[in-house]
Amino acid sequence: MKKILLIILLTIVSSIEYIAKAQGFKAEERQKIVNYVNCYYTARYILNNPDYKQENKAIEKYKINVDSVEDAYEYDTLYGYLKESGVLDYTADRLTKKLNDRNSSVTDSFYIVDYINKITDTDDFSNFKFTEEDKSKLADKILQWYISRHSKVESPRENRTTRNDDVNPLPVPQNEMGFSIWYLWLSIGFSIVCLVVIVRMMRKNRRLAWEIDSYDEEIRNKDEQLRLANRKRDEVQRKQSEADKNKEAEDTNETNEVFFEITNDIQKNTADEVIPEQTAMEVGTTTYYADVDVSDDCFVRVNDKSTRKSVYEINVRKQSFTLINDSYEAKLSRASSSGVTNACEVRGSYETGKTVSITPGKVQQDENGKWRIINKAIIEIK
């Protein structure tokens with residue numbers, strides 16, 4: 001925005017006829033401007049770095065930070081001072097010398113604005129970290145000096161005289177003088193209007209930028225809240241999943257512990273049905289052991305060896321199943337377990353009963369090798 005303001009200001013001022021073109025530049029004026037740019041950027045580089053203690057003292061000692069174009073050192077003098085200081089050799093060779101060589105060759109500018117932009121440009125010296133404010137101040141000072149210098153030049157009409165020294169100079173027509181004053185005031189008024197418009201635009205843009213920043217901040221806050229909510233939800237789901245798994249494991253352990261042992265007073269009524277000898281031989285194993293879990297009338301887990309979780313004993317030859325022998329107390333207290341009732345029918349109450357008898361149930365192995373319950377085993381508590 002500052003750069004745009006500078007360009008508009010220079011363009012408006014350059015509309016005045018006596019500063020519109022630079023073909024009136026004299027070699028002396030160009031050299032003064034070049035000298036001032038050398039002094040300004042050399043001093044500004046050091047002053048922008050307060051940590052350069054000795055260099056700042058040298059700038060102050062040789063008074064390189066001049067305020068006026070007229071007071072600027074010529075290049076040879078400035079370069080000599082920099083070398084003489086003993087601490088500004090780098091600045092002299094890498095900045096001042098290159099700056100002077102470049103600006104001394106700028107001779108093709110026709111307009112004063114274009115000329116000032118070229119000699120104050122710092123793109124070739126980016127490592128010295130000059131700011132737009134540095135460039136803007138330099139351009140303003142050069143332009144003010146140029147306007148002030150040429151506004152003091154007398155009109156050629158005032159210097160006209162006849163060959164006879166006794167004849168008075170030709171007077172300037174009043175109407176022409178009034179027109180010049182009117183044109184000057186018109187230019188000033190137009191410049192003021194443009195500045196007011198620019199300031200209002202800057203304020204509006206600043207407010208718009210503030211509103212955009214506020215919206216961005218609000219969006220960031222919403223995103224953060226959503227992220228925290230998702231994290232909490234995931235944490236709750238994880239804990240719930242762990243709790244469900246723990247509960248399922250506890251239920252399984254409790255169910256697998258629902259055994260009861262058949263004591264000597266259990267009367268077994270075995271089935272008379274016997275599978276063919278050929279089938280028994282094909283099976284190989286005559287006894288299997290099943291867990292308490294039953295699904296779709298089929299035992300879920302069947303092993304050829306008894307495990308800690310085994311509850312039922314399957315007789316392959318007889319195709320029957322019964323409960324594995326357990327203690328008399330366990331038999332009475334666990335007879336009504338919900339897990340057992342999936343494969344057994346319980347008759348009587350263990351609280352009043354004294355003896356338990358079990359009638360084996362019937363099973364059959366299907367095509368998939370699963371043992372399906374045909375008839376439930378009957379547990380009678382008397």
Side-chain angles (χ1 to χ4, degrees), residues 1-10 13-14 19 22 25-109 111-150 152:
M1 182 58 70
K2 291 182 179 179
K3 195 171 184 179
I4 296 175
L5 180 60
L6 173 62
I7 294 174
I8 294 176
L9 179 60
L10 294 178
V13 177
S14 66
I19 63 171
F25 268 178
K26 298 178 182 179
E28 177 189 357
E29 291 177 337
R30 289 180 181 271
Q31 190 58 51
K32 284 180 177 290
I33 294 175
V34 171
N35 292 339
Y36 182 64
V37 173
N38 293 338
C39 291
Y40 179 86
Y41 277 135
T42 300
R44 184 51 47 195
Y45 166 61
I46 300 301
L47 295 176
N48 285 346
N49 294 275
D51 294 337
Y52 299 167
K53 303 295 184 181
Q54 296 181 351
E55 290 83 348
N56 275 272
K57 290 181 180 179
I59 293 295
E60 183 179 356
K61 174 182 177 182
Y62 294 105
K63 299 180 179 179
I64 297 176
N65 186 26
V66 294
D67 294 329
S68 173
V69 177
E70 298 291 343
D71 298 333
Y73 293 122
E74 293 184 358
Y75 170 71
D76 292 337
T77 304
L78 175 61
Y79 189 80
Y81 284 157
L82 297 177
K83 288 292 186 178
E84 181 182 331
S85 67
V87 293
L88 295 172
D89 292 343
Y90 175 84
T91 305
D93 294 330
R94 298 298 181 88
L95 175 62
T96 309
K97 185 178 185 303
K98 292 183 178 181
L99 192 65
N100 182 74
D101 292 343
R102 185 199 68 179
N103 289 343
S104 296
S105 63
V106 178
T107 58
D108 58 344
S109 296
Y111 292 97
I112 179 63
V113 175
D114 184 45
Y115 178 73
I116 292 176
N117 282 336
K118 285 185 177 181
I119 64 174
T120 58
D121 182 67
T122 58
D123 291 343
D124 297 333
F125 304 94
S126 58
N127 56 319
F128 291 94
K129 298 181 181 179
F130 294 113
T131 64
E132 286 296 327
E133 184 178 1
D134 295 335
K135 179 179 177 181
S136 175
K137 287 183 179 179
L138 176 59
D140 289 344
K141 287 185 178 182
I142 295 174
L143 186 60
Q144 290 174 7
W145 171 81
Y146 185 82
I147 295 173
S148 174
R149 180 182 179 86
H150 283 266
K152 296 179 181 179

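Note that the coordinates shown come from a computational prediction; the quantities given were computed from them, not determined experimentally.
- Nearest heavy atom pair, residue Asp121 against residue Asp124, reads OD2-N, 4.4 Å.
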Considering only distance and modelled atom types, tabulate donor-acceptor pairs under 3.5 Å from the side chains of residues 43-53, sequence neighbours left out.
| residue | atom | partner | partner atom | Å |
| --- | --- | --- | --- | --- |
| Asn48 | ND2 | Arg44 | O | 3.2 |
| Asn48 | ND2 | Asp134 | OD2 | 3.1 |
| Asn49 | ND2 | Tyr45 | O | 2.7 |

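- The structure places CG of Asp71 at 11.5 Å from CG of Asn65, a figure rounded to the nearest 0.5 Å.
- In this structure, the side chain of Arg102 engages the main chain of Ile119 through a donor-acceptor pair within 3.5 Å.
- Between Gln54 atom CD and Ile59 atom CD1 the span is 13.0 Å, to the nearest 0.5 Å.
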Which pairs would a plain distance check flag for residues 79-88, meaning a side-chain donor or acceptor within less than 3.5 Å of a matching protein atom at least two apart in sequence or in another chain?
| residue | atom | partner | partner atom | Å |
| --- | --- | --- | --- | --- |
| Tyr79 | OH | Asp93 | OD1 | 2.7 |
| Lys83 | NZ | Asp93 | OD1 | 3.4 |
| Lys83 | NZ | Asp93 | OD2 | 3.0 |
| Glu84 | OE2 | Tyr62 | OH | 3.3 |
| Ser85 | OG | Leu82 | O | 2.7 |
| Ser85 | OG | Val87 | N | 3.4 |
| Ser85 | OG | Leu88 | N | 3.4 |

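- Residues satisfying the side chain to side chain contact (heavy atoms under 4.5 Å, CB included) test with Gln144, not counting sequence neighbours, are Asp140.
- The NZ atom of Lys32 lies 14.5 Å from the OH atom of Tyr146; values are rounded to the nearest 0.5 Å.
- Looking only at side-chain heavy atoms (C-beta outward), Ile142 and Val37 come within less than 4.5 Å of each other.
- Under the rule for a side-chain hydrogen bond (donor to acceptor under 3.5 Å, both in side chains), Lys63 has no partner lying at least two apart in sequence or in another chain.
- The number of heavy-atom neighbours closer than 6.0 Å to CD of Gln31, taken from other residues, nucleotides and ligands shown, is above 12.
- Once rounded to the nearest 0.5 Å, the distance linking CG of Leu143 with CD1 of Ile116 reads 5.0 Å.
- Of the N and O atoms on the side chains of Glu60 and Asn56, not one donor lies less than 3.5 Å from an acceptor on the other residue.
- What you find for Cys39 and Ile64 is that their closest heavy atoms are CB-O, 3.7 Å.
- When the side-chain hydrogen bond (donor to acceptor under 3.5 Å, both in side chains) test is applied to Asn100, the partners found at least two apart in sequence or on another chain are Asn38.
- To the nearest 0.5 Å, atoms OH (Tyr40) and NZ (Lys141) are separated by 6.0 Å.
- For the pairing with Tyr41, the ring pair (Phe, Tyr, Trp, His ring centres under 6.0 Å) check across Phe130, Phe128, Tyr36 returns one residue only, Phe130.
- Remark: Tyr73 OH to Asn35 CG distance equals 12.0 Å, nearest 0.5 Å.
- Remark: Lys137 engages Glu133 in a side-chain hydrogen bond (donor to acceptor under 3.5 Å, both in side chains) (not counting sequence neighbours).
- Considering all non-hydrogen atoms of both residues, Arg30 and Tyr115 come closest at NH1-CE1, 3.2 Å.
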Report the C-alpha distance between Val34 and Tyr75 in whole Å, list the side-chain angles of each, state the deciding distance to 0.1 Å, and finish with yes or no for side-chain contact (heavy atoms from CB on, under 4.5 Å).
CA-CA 9 Å; Val34 171; Tyr75 170 71; over 6 Å; no
